[in-house]
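Notes for the one structure printed next.
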Protein chains: 4
Amino acid sequence: MYRTDTFRIPMAGPADMTKLTALIEDGALDPMHIVALLVKTEGNGGVNDFTREYTSATLAATLAPYLRATHAEVERRIAIVVSGGTEGVLSPHATVFARTPVAGRAGTASKRLAIGTAATRDFLPHEIGRAAQIEATAAAVAAAMADAGISRAQDVHWVQVKCPLLTADRVRAARRAGHEPVTEIAYKSMAYSRGASALGVAVALGEIATPIAEDAVLSDWSLASAVASASAGIELKNNIVIVLGNAEGVGGDCVIAHAVMQDAIDAAAVLAALRQSGVQADVAARGGNSASTDAGDMRIDTSRIVQVLAKADPSPDGMVRGFRHTMLDDTDISATRHARAAVGGMIAGLIGCPAAFVSGGAEHQGPPGGGPVAVIARVSE
Amino acid sequence: MYRTDTFRIPMAGPADMTKLTALIEDGALDPMHIVALLVKTEGNGGVNDFTREYTSATLAATLAPYLRATHAEVERRIAIVVSGGTEGVLSPHATVFARTPVAGRAGTASKRLAIGTAATRDFLPHEIGRAAQIEATAAAVAAAMADAGISRAQDVHWVQVKCPLLTADRVRAARRAGHEPVTEIAYKSMAYSRGASALGVAVALGEIATPIAEDAVLSDWSLASAVASASAGIELKNNIVIVLGNAEGVGGDCVIAHAVMQDAIDAAAVLAALRQSGVQADVAARGGNSASTDAGDMRIDTSRIVQVLAKADPSPDGMVRGFRHTMLDDTDISATRHARAAVGGMIAGLIGCPAAFVSGGAEHQGPPGGGPVAVIARVSE
Amino acid sequence: MYRTDTFRIPMAGPADMTKLTALIEDGALDPMHIVALLVKTEGNGGVNDFTREYTSATLAATLAPYLRATHAEVERRIAIVVSGGTEGVLSPHATVFARTPVAGRAGTASKRLAIGTAATRDFLPHEIGRAAQIEATAAAVAAAMADAGISRAQDVHWVQVKCPLLTADRVRAARRAGHEPVTEIAYKSMAYSRGASALGVAVALGEIATPIAEDAVLSDWSLASAVASASAGIELKNNIVIVLGNAEGVGGDCVIAHAVMQDAIDAAAVLAALRQSGVQADVAARGGNSASTDAGDMRIDTSRIVQVLAKADPSPDGMVRGFRHTMLDDTDISATRHARAAVGGMIAGLIGCPAAFVSGGAEHQGPPGGGPVAVIARVSE
Amino acid sequence: MYRTDTFRIPMAGPADMTKLTALIEDGALDPMHIVALLVKTEGNGGVNDFTREYTSATLAATLAPYLRATHAEVERRIAIVVSGGTEGVLSPHATVFARTPVAGRAGTASKRLAIGTAATRDFLPHEIGRAAQIEATAAAVAAAMADAGISRAQDVHWVQVKCPLLTADRVRAARRAGHEPVTEIAYKSMAYSRGASALGVAVALGEIATPIAEDAVLSDWSLASAVASASAGIELKNNIVIVLGNAEGVGGDCVIAHAVMQDAIDAAAVLAALRQSGVQADVAARGGNSASTDAGDMRIDTSRIVQVLAKADPSPDGMVRGFRHTMLDDTDISATRHARAAVGGMIAGLIGCPAAFVSGGAEHQGPPGGGPVAVIARVSE
């Protein structure tokens with residue numbers, strides 16, 4: 001079996017590999033053991049966000065000599081998911097997951113953070129947002145669970161999917177090949193790709209009944225996964241899947257837990273995920289007009305928090321808790337950028353750290369306007 | 001004396017007066033008693049945010065017949081402060097403050113929410129961001145305190161200032177008149193105007209020693225007010241000042257309290273202000289790995305919260321809690337928009353409502369990167 | 001009959017009525033004779049561009065006392081079309097069209113600029129972008145031609161349509177009423193509304209065969225009008241139509257001509273329209289390596305140009321003259337803003353004036369990526 | 001001596017090297033002879049435009065094996081200037097300049113396009129925008145002229161400079177070192193860096209008298225170069241200089257000429273530069289109401305145009321030909337993006353090609369609001 005090690009490292013720019021190489025050079029991280037990289041870059045997170053491919057390419061180029069592999073081999077061996085958009089207080093960073101082989105049954109008595117990865121084949125442009133993407137993603141999730149050593153769906157707490165999008169070029173290619181893509185608008189294709197990917201996760205985990213009608217994508221919002229997180233990017237043509245959960249027999253000092261935010265301001269769900277992960281966090285009833293003198297101390301035990309992962313979504317009905325939001329009607333700032341900034345601000349406030357992994361576009365990932373949130377935390381010994 | 005009534009009403013657009021006229025027509029609000037209007041509109045909050053003047057003009061046109069006054073007279077009688085920018089989850093709305101005269105000493109034994117207003121003279125373009133603006137603002141704060149019936153500085157919990165900015169036109173006018181304005185960049189002039197206004201508040205409340213060197217504006221960040229909130233707009237040439245505090249002898253069922261956010265993710269300060277206002281809110285230590293089953297219940301007593309007012313600021317040193325933020329280096333989205341979205345998300349999460357008054361640009365309003373936050377709450381009887 | 005007078009006046013902001021009232025107060029313009037106002041404002045031209053309704057409302061309020069009419073009556077009597085977006089060098093301005101009654105047959109021997117207006121009924125949200133909007137627009141164009149005194153389609157050189165869009169609110173209203181709107185994306189609804197309006201113009205002028213399949217909107221790009229210009233805005237629910245052409249018997253010193261830009265850089269079409277309108281403008285072959293010393297003199301006779309009207313469109317195939325453009329894939333700036341800036345720069349360069357009326361979104365208005373351009377010019381006597 | 005070869009190649013993205021490697025693999029371009037690369041990428045051209053460094057890094061990585069050199073050596077041998085921003089119709093592309101050695105005196109009787117490059121040392125953050133940058137740039141221009149084989153300043157028609165900017169990080173570094181940088185605003189630092197670089201060019205070419213007062217940068221607009229083009233980027237710390245001119249004894253079939261646009265709509269200057277370069281282009285007086293039937297033929301001989309280089313600038317006085325522009329007051333789109341879109345549209349219209357090299361920010365490069373424009377054209381034999 002193996003031990004899961006998690007490192008969160010700040011990045012000074014999309015190509016800043018300083019902290020990653022320092023971890024390696026210092027001996028803290030064996031590059032051969034890296035299985036996944038989850039990165040937030042400071043691009044716009046939209047169609048023309050080239051920071052994603054820039055970071056991916058730089059990661060591959062940096063790790064290639066360590067792995068004695070070509071860039072392409074690095075990208076096949078390591079699941080690299082780069083999500084653009086650090087609006088508001090969010091801070092560019094990478095989360096590195098490594099699996100260190102250990103002799104015999106490595107784990108403690110209780111379950112520990114486990115990780116597995118898989119990838120689908122490349123999709124043709126017209127397959128994006130449709131059944132082919134749903135099915136291939138479901139199969140990849142099953143493969144990643146097996147890779148992680150997780151056998152039960154309820155032990156899966158986060159499934160990160162990186163998926164492709166349609167550019168004007170790809171739309172033309174599809175049409176030349178006689179296939180009409182699901183949309184011709186690049187920005188909209190990101191939503192379709194994320195939506196189909198999330199439904200694939202839900203299928204794999206038994207969260208929704210199958211078969212799914214293809215036109216349910218971006219249409220039947222009752223279908224959703226509570227742990228899927230999909231992020232679309234121009235830099236790939238297939239889906240890459242990372243499964244995070246807890247498994248017996250796995251080593252390390254971390255566990256993962258999750259909750260589902262019902263809307264973009266669901267602080268209670270974040271606190272619930274923190275508690276489920278073992279982090280002390282509670283908002284209790286206490287005297288309002290009391291003589292309390294310690295007002296202002298927030299005693300969430302942030303020291304145990306390794307990373308928080310969350311989705312941000314502009315509620316498609318234009319409302320949050322009965323109040324109108326303006327994210328969908330803003331021609332100057334895309335709705336996803338608005339949503340990441342808001343959810344990022346809330347989570348950073350609760351965990352006392354702006355380097356959370358908040359990714360935009362939560363179609364079929366939790367309820368409309370909400371989304372999954374997961375906490376990776378160190379266990380108390 | 002008087003009783004202070006506070007109404008928060010949603011707006012479907014910058015010119016939506018539906019709820020305001022409904023309050024009046026239903027008899028809930030006597031238009032003759034309105035003393036101040038604090039509005040958040042969905043403009044960009046920047047130089048070319050015309051929603052501010054559009055809303056101001058529409059408010060004046062709507063109230064003029066009720067007050068049997070000209071538009072200009074309405075604007076002189078009622079302090080109208082419109083702040084642009086409802087990024088992220090923030091929701092366009094207006095907060096209406098009315099003072100209803102009551103016979104004799106209206107108040108309860110304890111202090112209640114009090115409000116007073118004042119205005120400075122029009123500033124010449126080159127006076128913006130300089131000593132003339134500081135001094136005139138300080139005098140207006142004193143006048144507004146007297147108007148409110150507040151005698152002690154420590155009873156003041158929020159001073160809202162609306163202040164002018166420099167457009168390319170006004171810069172040219174200043175130069176034609178032989179005066180070099182403090183900056184020729186319109187967006188930057190908003191910062192200067194807010195900064196000088198905040199220092200004026202600090203002078204009036206004795207928060208900083210006088211005299212202040214004129215070049216301290218946007219330079220000596222140790223000088224700040226803990227209760228100032230300044231918002232710049234193209235639609236006016238003078239400063240309008242609204243003082244909110246608690247005063248004996250004033251009636252009504254609300255009180256106000258404040259705290260100072262030390263940075264843009266200072267949730268503890270928001271909770272502190274909630275508690276100081278009498279709202280039950282606490283984040284207590286409780287067992288992490290306990291058998292707690294009520295995870296996810298956040299028991300802040302939101303029913304008593306009438307309004308939360310806060311400033312949002314992109315930390316000028318580029319860092320939040322030791323992590324780099326990217327707000328200052330984004331050429332596509334202005335830093336103030338980023339900051340409002342993030343702080344708005346955090347506050348909405350904590351109070352369970354996205355219709356908070358979060359205004360951007362907190363120069364000399366709390367510490368750099370932070371800002372004041374105030375809570376108006378109904379008292380428990 | 002009547003004489004057509006045209007005034008182009010700069011605006012210092014969306015509510016700047018200085019030049020308009022000066023024209024009236026100076027006696028140059030009789031407000032009772034104003035039939036149409038074509039305005040470019042400095043909003044973003046997108047969904048949340050409130051400058052359009054702000055300018056419309058201010059125009060109505062300004063003219064109401066002159067016309068001894070209510071605001072609503074002003075808007076019914078005068079066709080007010082406000083188009084947002086003065087990207088690049090474009091300059092906010094208004095073009096005022098007035099019809100002065102003259103005794104008997106006012107006109108000269110030759111045709112002169114004629115103008116007529118009409119309006120459709122209000123549309124239900126689900127009618128936008130569909131057959132109902134096409135048909136009602138066609139009927140309104142016929143009515144406006146009759147109003148102008150133009151009997152033949154070939155004498156029509158510009159048909160300006162202002163049309164509504166779908167907001168999140170209106171989408172919800174449609175669905176509550178059991179009707180699915182043509183799109184739920186506000187920004188996309190602007191394209192549908194413009195497209196259906198343009199097809200309505202084409203139907204009225206016999207440019208395309210009828211009936212049109214409803215799903216031809218934004219789909220069959222072979223259908224287009226050579227003179228339609230549609231602009232969508234949040235501030236109205238019906239279509240307003242202004243027909244500009246030449247007619248015998250009409251007085252004044254202006255004529256109008258048009259050409260169709262085949263793409264966004266079709267300077268030749270602009271020159272052709274200039275020449276057709278009688279303005280001297282030619283790009284002739286002349287010696288390259290000659291000893292010419294007058295290099296740099298551009299001798300277009302700009303003094304006769306009263307106004308240029310044009311559409312700007314981001315080519316939907318992503319290409320301009322075989323080169324890729326990036327307008328459609330930019331998540332930070334909407335494609336319409338890009339296109340207006342580029343076409344506005346080209347036209348301003350050719351006519352030596354940045355106050356042209358360049359409006360975005362040319363769906364079914366000329367070929368994809370191109371659009372109509374019209375020139376109103378003073379005739380030489 | 002040498003022969004200058006120029007290739008303009010489209011790019012499908014910041015890392016698209018397809019056409020470059022095709023030129024090399026096809027034998028049309030010997031990679032050992034490349035001296036300079038001038039690239040337009042589709043980033044925002046602002047502070048956080050990472051496409052510039054991404055393209056630079058990819059170019060170095062692509063050429064390194066061909067040159068049997070490290071990436072750093074490639075960047076030292078080849079002057080790589082990447083300018084972000086293809087707003088409007090502008091199309092991402094690269095212009096490759098190669099010098100092929102030829103035996104003896106290669107040139108024809110007349111002068112031909114010559115090119116030379118040089119680089120300054122790295123600047124400290126506080127040197128940017130100040131005398132140190134001016135002086136080092138002037139020296140580099142002289143070195144690049146010598147490298148090109150150009151002895152007289154009047155034979156220089158374009159000097160491209162790539163220069164660094166200040167990020168929040170670099171500002172902090174400067175202050176830690178006890179030096180106050182010229183500005184703390186990253187976006188503004190780009191203007192300072194471009195301005196000082198342009199003044200350096202002007203000094204080298206004798207266009208302005210020396211010494212220059214350091215505070216003339218961004219202040220004394222009477223000082224300017226007619227051939228400088230500076231572009232700031234986050235990806236370098238020194239200035240890279242490329243001199244383009246005509247020289248005797250140099251081979252090849254191209255020449256270069258330039259003119260100075262007096263404002264952003266100066267089409268006459270573009271036509272003048274075309275004619276000076278030998279391209280047939282003229283706007284002649286011809287009958288307006290004539291019976292001309294060839295209206296619309298624009299007979300600029302575009303087949304000889306190899307590349308057009310130009311600067312775009314938002315006029316700092318807020319006016320273009322007496323009309324107000326709104327570029328400087330737009331909080332949503334940076335002024336440089338506006339200006340590139342407009343000037344790019346005009347030039348593309350005149351030359352019939354959207355792949356022109358239009359770069360933003362023309363401080364001290366031509367008059368305020370204008371800028372240099374140069375044409376590289378094939379000579380007629």
Side-chain angles (χ1 to χ4, degrees), chain C residues 10 12 42 44 86-93 259 264-269 271-272 275-276 278-289 292 295-301 304 320-321 323-327 332-333 337-339 341-346 348-350 352-355 380, chain D residues 10 12 42 44 86-93 259 264-272 275-276 278-289 292 295-301 320-321 323-327 332-333 337-339 341-346 348-350 352-355 380:
Chain C
E42 56 208 282
N44 63 25
T86 55
E87 292 80 6
V89 295
L90 290 170
S91 186
H93 71 276
I265 63 173
D266 192 355
L271 293 172
R275 278 192 295 251
Q276 295 292 345
V279 172
Q280 293 181 328
D282 192 13
V283 176
R286 201 148 61 84
N289 283 325
S292 167
D297 292 328
M298 200 162 79
R299 280 156 295 174
I300 291 175
D301 182 4
R304 282 196 188 148
V320 174
R321 303 266 172 109
F323 287 88
R324 180 172 71 100
H325 71 74
T326 61
M327 299 187 262
D332 292 310
I333 299 182
R337 302 200 74 177
H338 274 295
V343 174
M346 177 181 68
L350 291 172
C353 171
S380 55
Chain D
E42 56 208 283
N44 62 25
T86 56
E87 291 80 5
V89 295
L90 290 171
S91 186
H93 71 277
I265 64 173
D266 191 356
V270 180
L271 293 171
R275 277 193 297 252
Q276 295 292 346
V279 172
Q280 294 182 326
D282 193 13
V283 177
R286 200 149 60 85
N289 284 325
S292 165
D297 292 328
M298 200 161 80
R299 281 159 293 175
I300 290 175
D301 182 3
V320 175
R321 301 266 173 110
F323 287 88
R324 181 173 69 101
H325 70 75
T326 61
M327 299 186 263
D332 292 310
I333 299 182
R337 302 200 74 177
H338 275 294
V343 173
M346 176 181 68
L350 291 171
C353 171
S380 55

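Protein chains get the first letters and strands the later ones, always in sequence-line order, with residue 1 at the start of each. Quick caveat: nothing in here was measured; it's all calculated off a predicted structure.
If you measure heavy-atom distances from D:V89 to chain C, the contacts under 4.5 Å come from both the backbone and the side chain. Using a 4.5 Å cut-off between heavy atoms, D:A348 touches chain C through backbone and side chain atoms alike. Contacts of D:I333 with chain C are made by side-chain atoms alone, with heavy-atom separations under 4.5 Å and no backbone atom involved.
Each of D:S91, D:P92, D:A339 has some count of heavy-atom pairs under 4.5 Å with chain C, and the biggest count is that of D:S91. Chosen from C:C353, C:A12, C:A264, the residue pairing most often with chain D at heavy-atom distances under 4.5 Å is C:A12. Ranked by non-hydrogen atom pairs under 4.5 Å with chain D, the options C:H93, C:R324, C:E42 are led by C:R324.
The minimum heavy-atom distance between D:L90 and D:G344, with the atom names listed, is CD2-CA, 3.8 Å.
For the atom pair CD of C:E87 and NE2 of C:H338, the computed distance is 10.0 Å after rounding to the nearest 0.5 Å. The line from CD1 of C:I265 to CE of C:M346 is 8.0 Å long, rounded to the nearest 0.5 Å.
Partners of D:H325 according to the side chain to side chain donor-acceptor pair (under 3.5 Å) rule, which considers only residues two or more places apart in sequence or in another chain, do not exist here. Residues satisfying the side chain to side chain donor-acceptor pair (under 3.5 Å) criterion with C:T326, sequence neighbours excluded, are D:T86.
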